[in-house]
Amino acid sequence: ASVFRGKASTEAIALLRRLLEYDPAQRIRPMHGLAHEFFDALRHYDELPGNTDHMEKVLFDWTEQEIQEAGVKLHEIFPPKVL
């Protein structure tokens with residue numbers, strides 16, 4: 001954390017800690033990582049300035065295989081508008 005002090009948000013550091021966890025059983029799963037609060041602004045892209053009409057297609061365009069392999073109930077970690 002000291003490497004990023006003053007350069008990264010608290011949310012970013014918390015996510016990095018979970019991603020870099022040594023023990024694989026404790027490491028955050030990919031879809032849970034995407035659901036981390038660090039990415040809240042992207043999930044609420046309609047509140048961002050500028051034209052965000054294309055954001056849903058770019059950010060949440062998962063294949064059925066990706067969804068199945070996620071091993072999580074996406075509706076529990078992502079808002080309905082993005083699924």
Side-chain angles (χ1 to χ4, degrees):
S2 62
V3 173
F4 299 109
R5 190 172 301 142
K7 298 176 186 164
S9 69
T10 304
E11 293 86 7
I13 292 171
L15 177 59
L16 279 173
R17 282 186 176 147
R18 296 290 315 275
L19 291 168
L20 299 174
E21 180 68 45
Y22 181 76
D23 181 359
Q26 298 297 317
R27 196 174 303 136
I28 194 168
R29 296 190 60 161
M31 283 294 190
H32 285 104
L34 293 174
H36 191 273
E37 63 187 24
F38 175 74
F39 295 111
D40 280 351
L42 293 179
R43 278 189 293 284
H44 302 287
Y45 58 86
D46 52 338
E47 299 171 9
L48 295 173
N51 183 356
T52 58
D53 294 340
H54 68 288
M55 296 288 277
E56 186 172 330
K57 293 177 189 169
V58 174
L59 295 174
F60 306 105
D61 186 22
W62 298 310
T63 66
E64 282 300 317
Q65 181 178 356
E66 289 170 323
I67 293 170
Q68 289 175 356
E69 290 176 359
V72 295
K73 296 176 181 171
L74 296 180
H75 66 277
E76 292 179 2
I77 58 176
F78 291 101
K81 70 179 182 180
V82 302
L83 295 176

Can you name the side-chain contact (heavy atoms from CB on, under 4.5 Å) partners of Arg27, sequence neighbours left out?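 Applying side-chain contact (heavy atoms from CB on, under 4.5 Å) to Arg27 gives Glu21, Pro24.
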By side-chain contact (heavy atoms from CB on, under 4.5 Å), which residues pair with Ala14, not counting sequence neighbours?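 Per chain and number, Ala14 pairs via side-chain contact (heavy atoms from CB on, under 4.5 Å) with His36.
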Provide the closest heavy-atom pair for Leu15 versus Phe39 in the form atom of the first, atom of the second, distance.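 The answer is CD2-CE1, 3.5 Å.
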Measure the CD1-NZ distance between Ile13 and Lys7 for me, rounded to the nearest 0.5 Å.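 Nearest 0.5 Å value for the CD1-NZ distance: 11.0 Å.
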List for me each residue that meets side chain to side chain donor-acceptor pair (under 3.5 Å) alongside Gln26, sequence neighbours excluded, and say none if there are none.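 Side chain to side chain donor-acceptor pair (under 3.5 Å) check on Gln26 returns nothing, list empty.
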